[in-house]
Amino acid sequence: MSGEPGRRFADLSFPVRGEAIARDYARSLDRALCLALDWLEAEDEAGVHPIKGLAETAGRMLVSRRTRIVLRLPAHRLEAAARLAGARFDLGAPVELGEPVVRELVPYPVVYARLVSVGCEDELMFQAEACRQVTQAGVKCEMIVGRRRELGAGESRCMGFGLMLHGLSPEHSLSIQARGLGANRRLGCGIFVPHKTIAAVSA
């Protein structure tokens, strides 16, 4: 990887074997990963993508052949994290991680995060704070705020909005993907992925 901000980070994608996991799996996954990787909590910009390839039924999420647990990590942690292959986690039911694949970050001009949490429940306040944090990061772009979403419940509840950033230069696209935005990145918040077009994010 070169010295560009995004090139110092990559996604590590693990196939998942199992039958189903709990619908609110994020905190269980965070605890399991932090126990298995004793350095993870100290990596402030490390993140865990929302798990894709799941189908919801009867309050549970069914695991399929497409299910992946994906970590966004600095380059120097990839080799250590790859040793999670074969690890078994309890996410409401047992799952096992397969051999991972490294995926480089791609400098798309449009990126999207399903849930960004900046401590604001009002949409206008959220937009203002997200704009402030993006500007503070030195990233120039336009933004579109999407649907309000919640993660978890009770005291562990995390609230935010979907967020699309567009008009990004390659450098700024890689930078915001590498650093993320807002809090709770190990719970799947504030992690941007390439998006092909500027489309409605409230759908």
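The CG atom of Asn184 lies 9.0 Å from the CG atom of Asp30; values are rounded to the nearest 0.5 Å. Here the CZ atom belonging to Arg31 is positioned 10.0 Å from the CG atom belonging to Leu91, to the nearest 0.5 angstrom. Separation of atoms CZ (Arg179) and CG (Asp44) is listed at 11.0 Å; rounding is to 0.5 Å. Here the CD1-CE distance, from Ile51 to Met61, works out to 9.0 Å after rounding to the nearest 0.5 Å.
Among all heavy-atom pairs drawn from Tyr112 and Arg149, the shortest one is OH-NH1, 3.3 Å. Pairing each heavy atom of Leu181 with each of Arg185, the nearest pair is N-NH1, 3.6 Å. Leu62 and Thr67 get closest at one heavy-atom pair: O-OG1, 4.5 Å. In this structure, Val95 and Ala20 approach most closely via the heavy-atom pair CG1-O, 4.4 Å. In plain terms, the two heavy atoms of Val118 and Gly182 that are nearest each other are CG1-CA, 4.0 Å. The shortest non-hydrogen separation linking Leu78 to Leu12 is O-CD2, 3.8 Å.
At a cut-off of 3.5 Å, with distance as the only test, a side-chain donor of Glu129 or Gln133 sits close to an acceptor on the other residue. When only modelled atom types and interatomic distance are considered, Glu171 and Ser175 share no side-chain donor-acceptor pair under 3.5 Å.
Evaluation of the salt bridge (charged side-chain N to carboxylate O under 4.0 Å, His left out) rule for Arg17 yields Glu96 as partners, not counting sequence neighbours.
Salt-bridge annotation for Arg23 and Glu56: present, with a side-chain N of the basic residue lying under 4.0 Å from a carboxylate O of the acidic one. Using a cut-off of 4.0 Å between Lys/Arg side-chain N and Asp/Glu carboxylate O, Arg77 and Glu43 are scored as salt-bridged. The existence of a salt bridge linking Arg72 and Glu45 is excluded, since no basic side-chain nitrogen approaches an acidic carboxylate oxygen closer than 4.0 Å.
The number of heavy-atom neighbours closer than 6.0 Å to CZ of Arg68, taken from other residues, nucleotides and ligands shown, is above 12.
Considering Leu40, Asp11, Leu33 in turn, Leu33 is the only one that fulfils the side-chain contact (heavy atoms from CB on, under 4.5 Å) rule with Leu71.
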